[in-house]
Amino acid sequence: MRSDRVKKGIERAPHRSLLRATGVIQSREDFNKPFIGVANSFTELIPGHVHLQELARLVKEGIREAGGVPFEFNTIGVDDGIAMGHVGMRYSLASRELIADSVETVVQAHQLDGLVCLSSCDKIVPGMAMAAARLNIPTIFLAGGPMETGRLPSGEPVDLISVFEGVGRRLKNEIDDATLETLEVYGCPSCGSCSGMFTANSMNCLLEALGLALPGNGTVLATSRARRELAVETGRRIVALVKENIRPSQFLTPAGFRNALALDMAMGGSTNTILHTLAIAREAGVPIELKDINNLAARVPYLCQVSPATPFVHMADVDAAGGIPAILKELSASPGVLNPDAPTVSGKTIGEIAREAVNRNPEVIRSVTNAFAPQGGLVVLFGNLAPEGAVVKVGAVVPEMLVHEGPARVYESEAEALQGIARQEIQPGDVVVIRYEGPRGGPGMPEMLSPTSAIMGMGLGDKVALITDGRFSGGTRGACIGHVSPEAAERGPIAALRNGDRISINIPERRLDVALSETEIKRRLAELPPFQPRIQTGYLARYQYFVTSASTGAVFRNPWNNGNKP
């Protein structure tokens, strides 16, 4: 065992003495058992994580029952909803690298034999997955589970996006303060990750298809008895993985990533999943190109439409319908889309999980022959405005906005855009441009949920498009195109735009263009003053120095490799 390096032999007596002092070692026999790290991202600032202490206790019970010794440690977390709309959001994506580094550090420093990652939200899930790929010791994931669906006193379903969009409706005086407060009170009714197919739940569902989590990880509700049972089983299962030496590299393969991306397309996951999947794949040494994602999207039908694509279906409904196994079952009817032989931490293959699944609600999880759309819910656009690509959640775009052309209304930051929206500068037909919010320019590539929700709340969602080199929340809906690469801070074409430039969006043809010649774009870029970072001290200053383009997952460049690889 790896842990023998800290617990075996005469010279390790001081190490054993310190381990005994923790109180975790209960007998001399414990030194003959595998040491399992339980990486807990508990924090009282995030509803998706506030209950992880209890789940960690259950995981540790399972580890003890199966013959392992659990050692719990913690890492940080950022709540994107609370960080939204101010400087805090610049730390969200940046926290992913800190989380990966912190998990790697604790595991390597103490030579743990296996790892359980307790995560739920946004950057914490991919940060831990990047660490798992990097460490390549037996690892299993357990999410905190989705939040219950919010219900107004009338019974109408609501969620966090209802509250964000309520702000836009209030700005337009369509609702009063009391109505907005009602949305606020009922929008987030319990612990758990926000109840729609937003980034947190999207990533936790993808972990099932990647093979790194047990079935149910992505959809079983946070407050359910089934979630607690899943925690105990996760603890038991990690000990078996250690004894069998089953490692993440056996799941993080081209076949595994293909299955995860196929699921992503079928359920219309968050655009952030593309960013994070690219980052995890690079850590695993599996090359994924953005154009490969379009090739897959063209073959994968859109089977499961969940909030924000619809206000009527939430994660509780997906779980009741059969969860991710049921989606995989329906998806397996598309020849060549899934690799059924891909293994999972459960000991079963993806194909076996799919075959055993039951679809209990064919209207929530549709069949291939009755799909919401013949192609996947996420696509990548290219063109003279996005030479390295841009991502859109096509499943949340109304049909009349799939093709759109209009004048650019340019803002140099999210804050400036919010001021413009509040002043009602946005007109029907406009293409709102928010730039200098990319990985380097932001810094930290903040999410644009506040402006997109305000636009939707003001009734412009079917009349206005928005493009940015920043990101969108998984809760964003509408013709919102993010991750435009190269970003403005790297002198991508988005930096050359001026008010009134005609921007053309053609999602069916995967195009994002501006009616400017290459010569004119280059001339305008050459006239720009040098980029001046907004933040020049602390972690974000270091982050923007090392971070790469969104088209490569916004990972850190490796200074020992000439910046070519993370």
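Hydrogens, waters and symmetry mates play no part in the numbers below; they use all other heavy atoms, side chains included.
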**Prompt:** Any Lys/Arg nitrogen of R169 or E165 sitting under 4.0 Å from an Asp/Glu carboxylate oxygen of the other?
**Reply:**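 Answer for the salt bridge query: no.
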**Request:** State whether R258 and D292 are salt-bridged, where the test is any N-O pair (Lys NZ or Arg NE/NH1/NH2 against Asp/Glu carboxylate O) under 4.0 Å.
**Result:**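 Salt bridge flag = no for D292 with R258.
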Could you list the donor-acceptor pairs under 3.5 angstrom formed between side-chain atoms of residues 379-388 and any protein atom two or more places apart in sequence or on another chain?
residue : atom : partner : partner atom : Å
N384    : OD1  : V514    : N            : 2.9
N384    : ND2  : V514    : O            : 3.0
N384    : ND2  : L516    : O            : 3.3
E388    : OE1  : S549    : OG           : 3.3
E388    : OE1  : S551    : OG           : 3.0

**Prompt:** Which pairs, with at least one residue in residues 366-382 and sequence neighbours excluded, count as a side-chain hydrogen bond (donor to acceptor under 3.5 Å, both in side chains)?
**Reply:**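 Non-adjacent pairs meeting side-chain hydrogen bond (donor to acceptor under 3.5 Å, both in side chains): E363-R366, S367-T369, Q375-R510.
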**Message:** Taking salt bridge (charged side-chain N to carboxylate O under 4.0 Å, His left out) as the definition, give me every residue that meets it alongside R227, ordered by chain and number, with sequence neighbours left out.
**Reply:** none
**Message:** Applying salt bridge (charged side-chain N to carboxylate O under 4.0 Å, His left out), can you list everything that pairs with R355, at least two apart in sequence or on another chain?
**Reply:** none
Distance-minimising heavy-atom pair for [X] and [Y]:
| X | Y | value |
| --- | --- | --- |
| V368 | S334 | CG2-OG, 3.4 Å |
| L180 | G166 | CD1-C, 3.7 Å |
| T199 | S270 | OG1-OG, 2.8 Å |

May I ask you to decide if [Y]'s main-chain N or O and [X]'s side chain share a donor-acceptor pair within less than 3.5 Å?
| X | Y | result |
| --- | --- | --- |
| S41 | L118 | yes |
| E487 | G441 | yes |
| S120 | G144 | yes |
| R96 | K123 | no |
| N259 | G256 | no |
| H86 | I82 | yes |
| E97 | A94 | no |
| E330 | L303 | no |

Measuring from [X]:[atom1] to [Y]:[atom2], what's the distance to the nearest 0.5 Å?
| X | Y | atom1 | atom2 | result |
| --- | --- | --- | --- | --- |
| E208 | T219 | CD | OG1 | 6.0 Å |
| I494 | L512 | CD1 | CG | 8.0 Å |
| L252 | F257 | CG | CZ | 4.5 Å |
| D513 | I505 | CG | CD1 | 10.0 Å |
| I99 | S119 | CD1 | OG | 9.0 Å |
| E156 | Y186 | CD | OH | 13.0 Å |

**Request:** Under the side chain to side chain contact (heavy atoms under 4.5 Å, CB included) rule, what do I455 and T452 come out as? Steps first, then yes or no, please.
**Result:** CA-CA 5 Å; I455 288 171; T452 60; 5.7 Å; no
**Request:** Go through the steps for M315 and C205 under the test side chain to side chain contact (heavy atoms under 4.5 Å, CB included), then give the verdict.
**Result:** CA-CA 10 Å; M315 296 305 296; C205 291; 3.8 Å; yes
Sequence neighbours excluded, which residues qualify as side-chain hydrogen bond (donor to acceptor under 3.5 Å, both in side chains) partners of [X]?
| X | value |
| --- | --- |
| S346 | T344 |
| S193 | N201 |
| E184 | none |
| E414 | none |

Is there a side-chain contact between [X] and [Y] in this structure, where contact means two heavy atoms from C-beta onward sitting under 4.5 Å apart?
| X | Y | result |
| --- | --- | --- |
| L214 | T234 | yes |
| H49 | C121 | yes |
| E447 | N272 | yes |
| T139 | C117 | yes |
| L93 | V547 | no |
| N506 | H404 | no |
| M128 | F141 | yes |
| T223 | C191 | yes |

**Prompt:** Could you give all pairs that pass the salt bridge (Lys or Arg N to Asp or Glu O under 4.0 Å) test and reach residues 429-443, with sequence neighbours left out?
**Reply:**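 Matches after skipping sequence neighbours: R90-E437, R409-D430, E412-R435, E437-R534, R440-E490.
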**Request:** Go through the steps for D317 and N361 under the test side chain to side chain contact (heavy atoms under 4.5 Å, CB included), then give the verdict.
**Result:** CA-CA 9 Å; D317 304 302; N361 190 336; over 6 Å; no
**Request:** Mind running side chain to side chain contact (heavy atoms under 4.5 Å, CB included) on T277 and L206 for me, showing each step along the way?
**Result:** CA-CA 9 Å; T277 301; L206 260 62; 3.8 Å; yes
**Asked** Any side-chain donor-acceptor pair under 3.5 Å between H483 and D469?
**Response**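 Side-chain D/A pair, H483 to D469: absent.
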**Asked** Just checking, any donor-acceptor pair under 3.5 angstrom between side chains of D80 and S92?
**Response** yes
**Message:** Run the side-chain contact (heavy atoms from CB on, under 4.5 Å) test against E356 and tell me which residues pass, sequence neighbours left out.
**Reply:**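 K348.
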**Prompt:** By side-chain contact (heavy atoms from CB on, under 4.5 Å), which residues pair with C194, not counting sequence neighbours?
**Reply:**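 Expected list: L160, F198.
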**Request:** For the pair D264 and T273, evaluate side chain to side chain donor-acceptor pair (under 3.5 Å) and give the outcome as yes or no after the intermediate values.
**Result:** CA-CA 8 Å; D264 204 6; T273 58; 2.4 Å; yes
Hey, can you pull the donor-acceptor pairs under 3.5 Å for the side chains in residues 458-468, sequence neighbours left out?
residue : atom : partner : partner atom : Å
K463    : NZ   : G459    : O            : 3.3
T468    : OG1  : I434    : O            : 2.7
T468    : OG1  : G470    : N            : 2.8

**Request:** Could you tell me whether E509 atom CD has more than 12 heavy atoms of other residues or ligands within 6.0 Å of it?
**Result:** no
**Request:** Kindly determine whether D159 and S307 satisfy side chain to side chain donor-acceptor pair (under 3.5 Å), including the steps that lead there.
**Result:** CA-CA 9 Å; D159 53 36; S307 176; 2.6 Å; yes
**Complete:** From the list S190, S224, S195, side chain to side chain contact (heavy atoms under 4.5 Å, CB included) partner of E148 resolves to S190
